[in-house]
Each structure stands twice: as structure tokens, then as C-alpha cells.
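In what follows, a structure is listed as C-alpha cells, so that the remarks can point back to it.
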Amino acid sequence: MIPVITIDGPTASGKGTVASRVAEALGFALLDSGALYRLTALSAIEAGVALDDAAAIAALARTLPVRFEGERILLGGRSVQDAIRQEAIGNAASKIAALPAVRTALVELQHGFRRPPGLVADGRDMGTVIFPDATLKVFLTASVQARADRRYKQLIDKGFPANMLALLQDLKERDARDTERAVAPLKPAEGAYLLDTSELTIEQSVAQVLDWWHHRAGTLGK
Ligand code: DC
């Protein structure tokens, strides 16, 4: 069986960075599932589809012309890795992610990322719904303030405007929506290791996950 490490957690908890460093350290593939919801949201907005039109958005999700090339994400041949990081797209992604038909439409695409020698998958429901048989499940959190600080820096670094108060408000609303939705809500999977990164550097967080991984892999004789 191809091993999977799932890293779930709220927005801006640092899971994306931790997941990509862990994947790099192990030579595993990486699934940034949030990007798939963001890409679907971007496609819907560009096609003028209403964000509550579940059937139309699910159809877009099923046929996303997406290619991941290292850091680059191509949508129909166009680089969109920066465009999908905008707050407006993140918020739209959180809205369409609450639609069951859209979630179902993205399942197969996500399973397709599971390739030898292994996969690190980051998102909200990686350990609970998409890869329930994962070898190691991590639930990564950080305080709202720490996450707002990180998101602020990320936006400024990418040259987008950012406002701390609006960001805090946004994060809280998004947390509530992601946690309270009926389908695949954000919650730790059974058996998940909890990691609060508020006071940790990226290196410390990565080291902890790798430590857990080596321990699990050792126990399972991999
Ligand atoms: O991780 P992110 O901020 O890029 O995700 C954007 C939105 O997509 C998030 O607010 C909720 C949704 N999402 C989801 O519902 N399930 C996932 N596995 C990943 C993301």
C-alpha cells in the first residue's frame, strides 16, 4: 500500500509549508487540496457561475484543466498559483467547499495524487474522508493571531494588499464555515497527532512531523 501522511488544519495554520517540506524531505508527492477548491472557485468566478450553483460548479470541478508543475499551478495553460492565494478566492473556495456535489466531484482527482513512494496530503478532510487509511495523520493548529500574522506576511510578500483587522475577521468567519459545515467539516481525524505551531518555527514543526513519521514507519516495519 502506498503510504500517505495527512496534514489537516485551519486556514493559515502553516500546514501548506509544513506539508511541502515534509514531502520534499521524504521524496513524496504533495497534494495541496485547498488549491483544488481555490482553482474551482476561480474557474466559477471567471465563468460567471453563481457560488451557490452546486451542479454547475461540480461540473467545473470534475473537468478542471489543472496541471501541477513544482511550484507552478497551471489552469488551462495559465499560471495561477499567485492568483488563487487572494483572500477573495480563499473565501469563495470556503463557500463552494460546503457544497456536497463539489466535494464529491474532487474526490477522484485527489486520490490520483497517491503515487509511489508516498504522498503528503494537506487540507481539511484528508485524514477523515479522503485518505482514512493514511499511515500518519496530523492535525495542525495555531492561534488565530499567529495565523493572521502569517497570512498577512504571505499576502504582503506576494504583493497583495492586506489589512490585519479584516484578516482576523476573515479567518474567524472561515474557521466557523469550515468547522460547522455538514459535509466533511474540519476536525481532527481519529488517531491524529495534534500539533500547535503558534510558538514553533517551520523547521521545528517539520522535524516533529518527520519524527512521528519515522516512528510510525518503524512501528509498521516500512
Ligand atoms: O487550505 P486553503 O486555505 O487553501 O483552503 C481554501 C478553502 O478550501 C478552505 O477555506 C476550505 C476549503 N477546503 C476544504 O473544504 N477541504 C480541503 N481538503 C481543503 C480546502
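The first residue of the sequence shown is numbered 1, and numbering continues consecutively from there. As the structure lists them, so they are numbered: ligands from 1, and atoms in each ligand from 1.
For the pair Lys15 and ligand 1, a heavy-atom separation below 4.0 Å is found.
Nearest approach of Thr6 to Ala134, heavy atoms of both residues: CG2-CB, 3.6 Å. The minimum heavy-atom distance between Lys15 and Leu140, with the atom names listed, is N-CD2, 3.8 Å.
By the criterion of a heavy-atom distance under 4.0 Å, the side chain of Arg181, and not its backbone, is placed next to ligand 1. Contacts of Met126 with ligand 1, taken as heavy-atom pairs under 4.0 Å, involve the side chain alone.
For ligand 1 and Ala97, the ligand atoms under 4.0 Å from any heavy atom of the residue are 12 (C), 15 (O). Every atom of ligand 1 with a heavy atom of Gly123 under 4.0 Å away is listed here by number and element: 18 (N), 19 (C). Interface atoms of ligand 1 facing Asp125, defined by a heavy-atom separation under 4.0 Å, are 16 (N), 17 (C), 18 (N). Taking every non-hydrogen atom of Thr11 and a distance limit under 4.0 Å, the qualifying atoms of ligand 1 come out as 3 (O). Per-residue contacts place Arg174 under 4.0 angstrom from the following atoms of ligand 1 (heavy atoms of the residue considered): 3 (O), 10 (O). The ligand atoms of ligand 1 that sit less than 4.0 angstrom from a heavy atom of Asp178 are 9 (C), 10 (O), 11 (C).
More than 12 heavy atoms of other shown residues, nucleotides or ligands fall within 6.0 angstrom of atom CD in Glu69.
Atom 20 (C) of ligand 1 has Gly34 CA, 3.5 Å as its closest protein atom, hydrogens excluded (heavy atom only). Nearest protein heavy-atom neighbour of atom 8 (O) of ligand 1: Tyr37 CB, 3.5 Å. Protein heavy atom in closest approach to atom 4 (O) of ligand 1: Arg38 NE, 2.6 Å. The single protein non-hydrogen atom nearest to atom 1 (O) of ligand 1 is Arg124 NH1, 2.9 Å, given as residue, atom name and distance.
The closest side-chain heavy-atom distance from Ile7 to Met126 is not below 4.5 Å. When side chains are defined from C-beta on, Thr141 does not count as touching Arg147, because their heavy atoms never get closer than 4.5 Å. Side-chain contact check for Arg103 versus Tyr37: some heavy-atom pair is nearer than 4.5 Å.
Considering only non-hydrogen atoms, atom 19 (C) of ligand 1 lies nearest to Ser33 out of Ser33, Gly127, Ala93, Gly9.
Side-chain contact check for Gln208 and Gln204: no donor-acceptor pair (N or O, by modelled atom type) lies under 3.5 Å. Between the side chains of Ser94 and Arg174, no donor-acceptor pair of N or O atoms lies under 3.5 Å.
When the options Val129, Thr11, Ile130 are evaluated for a side-chain contact (heavy atoms from CB on, under 4.5 Å) with Arg124, the one that passes is Thr11.
In terms of polar-atom proximity, defined here as any N/O pair under 3.5 Å, Arg103 does make such a contact with ligand 1.
Ring centroids of Tyr193 and Trp213 are separated by 6.0 Å or more, keeping the two rings apart.
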